[in-house]
Amino acid sequence: MRRATAGLAAVALLAACAALQPPEVEHANTYVLEAMPAAGAPRPKGDLVVEVSAPRARPGFDTPQMAYTQRANALEYFARNRWADTPARMLAPLLAQALDHSGGFRAVVQAPSLAAANLRLETELVRLQQDFGARPSRVRLTLRVQLIDTDARRVLASAEFDETEVAPSDDPYGGVIAANRALGRLLERLAKFCAETPAPR
């Protein structure tokens, strides 16, 4: 009887210890967008100040979750891989840096800012997704932009930039590498577009 009682006590003690242990946390990989455009030919310094508004995102992409597709019109998300922030928020400083490095403006500021700006850049992330519908997989990045004359409150120019990059590996990290490569080219095109848009009269 004593042995049985001691055995039951040991089982109860083990169960209590197991209950006190912290739950296992699933490890998640976190990634960032940090691309910069390639250095282009130097431009004459402009006399305009441009303000970069906080980018917006289409439904399905306003989340830190990393999106992928396997078939048309079906958006899915990786379970253990995510962005450090929403892609739209990570884009804001990169857009400002790209315009600043283009040399086409007197100054570039991020909204909200107390500085008086002649132009405002508004952007919308249309898509950022890794497509596994074909192999190797590829990342598609699409950004819609508008350059606005703040004094006249009118759109000077608008465009949609679309970049596709083959992933070096068919996994989330391969998609991150492809996304940053695509973003570097897109930022270069966007900076050129803004710098070459005729100044407001």
Side-chain angles (χ1 to χ4, degrees), residues 29-43 45-46 48-68 77-78 81-115 117-130 138-148 150 156-168 172-197:
N29 300 309
T30 305
Y31 302 106
V32 295
L33 291 172
E34 55 184 359
M36 282 302 296
R43 298 176 182 276
K45 198 75 170 178
L48 300 177
V49 176
V50 59
E51 179 184 77
V52 178
S53 295
R56 304 183 307 277
R58 292 271 176 94
F61 301 101
D62 191 19
T63 171
Q65 293 179 292
M66 294 175 64
Y68 70 93
Y77 303 97
F78 292 111
N81 297 272
R82 58 192 291 116
W83 296 112
D85 201 343
T86 65
R89 286 178 184 166
M90 289 191 289
L91 277 175
L94 300 178
L95 293 169
Q97 290 174 34
L99 294 185
D100 189 42
H101 291 172
S102 74
F105 302 97
R106 178 159 56 89
V108 179
V109 297
Q110 281 186 247
S113 171
L114 296 177
N118 311 101
L119 304 173
R120 183 172 70 252
L121 178 68
E122 295 192 350
T123 57
E124 181 185 33
L125 179 65
V126 177
R127 69 177 61 84
L128 173 57
Q129 63 195 41
Q130 188 170 1
R138 57 200 63 222
V139 167
R140 188 174 178 193
L141 169 63
T142 309
L143 193 70
R144 179 159 182 79
V145 307
Q146 286 186 330
L147 195 60
I148 297 170
T150 56
L156 290 176
S158 62
E160 187 168 286
F161 298 99
D162 186 82
E163 290 287 343
T164 301
E165 177 71 24
V166 173
Y173 185 60
V176 171
I177 294 174
N180 277 295
R181 289 174 180 171
L183 179 58
R185 294 196 303 272
L186 188 148
L187 290 173
E188 185 177 0
R189 292 172 59 195
L190 182 144
K192 182 179 179 182
F193 165 82
C194 293
E196 292 181 353
T197 296

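Because the structure is predicted, anything quoted here is derived from the model rather than measured. Values below: all heavy atoms of this structure, side chains included; hydrogens, waters and symmetry mates excluded.
- Contacts of Tyr68 classified as ring-ring contact (aromatic ring centres under 6.0 Å, His included), with partners at least two apart in sequence or in another chain: Phe78, Phe132.
- The salt bridge (Lys or Arg N to Asp or Glu O under 4.0 Å) test applied to Arg144 returns no partner, not counting sequence neighbours.
- Test Gln130, Arg185, Arg140 against Glu165 for side-chain contact (heavy atoms from CB on, under 4.5 Å) and you get one pass: Arg185.
- Within 6.0 Å of OH on Tyr173 lie no more than 12 heavy atoms contributed by other residues, nucleotides or ligands.
- Among residues two or more places apart in sequence or in another chain, the side chain to side chain donor-acceptor pair (under 3.5 Å) test is passed with Glu51 by none.
- Put simply, the side chain of Trp83 does not reach to within 4.5 Å of the side chain of Thr30, judged on heavy atoms.
- Rounding to the nearest 0.5 Å gives a distance of 11.0 Å between CD of Glu188 and OG of Ser102.
- Between Glu163 and Arg189 there is a salt bridge, with a side-chain nitrogen of the basic residue lying less than 4.0 Å from a carboxylate oxygen of the acidic one.
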> Hey, mind stepping through Arg56 and Thr123 against side chain to side chain contact (heavy atoms under 4.5 Å, CB included) and telling me if it holds?
Replying inline: CA-CA 6 Å; Arg56 304 183 307 277; Thr123 57; over 6 Å; no

Atom pairs and distances, side-chain donor-acceptor, residues 85-95, under 3.5 Å, sequence neighbours left out:
from, atom 1, to, atom 2, distance (Å)
Asp85, OD1, Arg89, NH1, 3.4
Thr86, OG1, Arg89, N, 3.3

>> Working note: Val145 + Leu190, criterion side chain to side chain contact (heavy atoms under 4.5 Å, CB included); need CA distance, chi angles, decisive distance, verdict.
In response: CA-CA 8 Å; Val145 307; Leu190 182 144; 3.4 Å; yes

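- Rounded to the nearest 0.5 angstrom, Asn81 CG and Asn29 CG are separated by 4.5 Å.
- Residue Ala178 comes nearest to Val139 through the heavy atom pair CB-CG2, 3.7 Å, listed as atom of the first residue, atom of the second, then distance.
- Using a 4.5 Å heavy-atom threshold, the side chains of Leu119 and Ile148 count as separate.
- In this structure, Thr142 OG1 and Phe61 CZ are separated by 8.5 Å, a value rounded to the nearest 0.5 Å.
- Under the 4.0 Å criterion applied to side-chain N and carboxylate O atoms, Arg127 and Asp162 are assigned as salt-bridge partners.
- The CG atom of Leu33 sits 6.0 Å away from atom CG of Leu128, with the distance rounded to the nearest 0.5 Å.
- One distance of note links CG of Leu156 with OG1 of Thr150; it measures 9.0 Å at 0.5 Å rounding.
- Residues satisfying the salt bridge (Lys or Arg N to Asp or Glu O under 4.0 Å) criterion with Arg120, sequence neighbours excluded, are Glu122.
- Between Phe161 and Phe193, the ring planes are perpendicular. Angles over 60° get that label, and only those under 30° would be called parallel.
- You'll find the side chain of Met66 reaches within 4.5 Å of the side chain of Tyr31, heavy atoms only.
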> Could you go step by step and tell me if Leu99 and Phe105 meet the side chain to side chain contact (heavy atoms under 4.5 Å, CB included) rule?
Replying inline: CA-CA 8 Å; Leu99 294 185; Phe105 302 97; 4.3 Å; yes

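- Considering all non-hydrogen atoms of both residues, Val52 and Ala96 come closest at CG2-CA, 4.0 Å.
- Listed by chain and residue number, Arg58 satisfy the salt bridge (Lys or Arg N to Asp or Glu O under 4.0 Å) test with Glu124 (two or more places apart in sequence, or in another chain).
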> Given the rule in the side chain to side chain contact (heavy atoms under 4.5 Å, CB included) test, do Leu121 and Cys194 qualify, once you have shown the distances and angles that lead to the verdict?
Replying inline: CA-CA 9 Å; Leu121 178 68; Cys194 293; 3.9 Å; yes

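- Residues Ala111 and Ser53 approach most closely at CB-CA, 4.0 Å, considering heavy atoms.
- Between Gly174 and Ala167 the shortest heavy-atom distance is O-CB, 3.6 Å.
- If you take CG on Asp100 and CZ on Arg106, they are separated by 13.0 Å, rounding to the nearest 0.5 Å.
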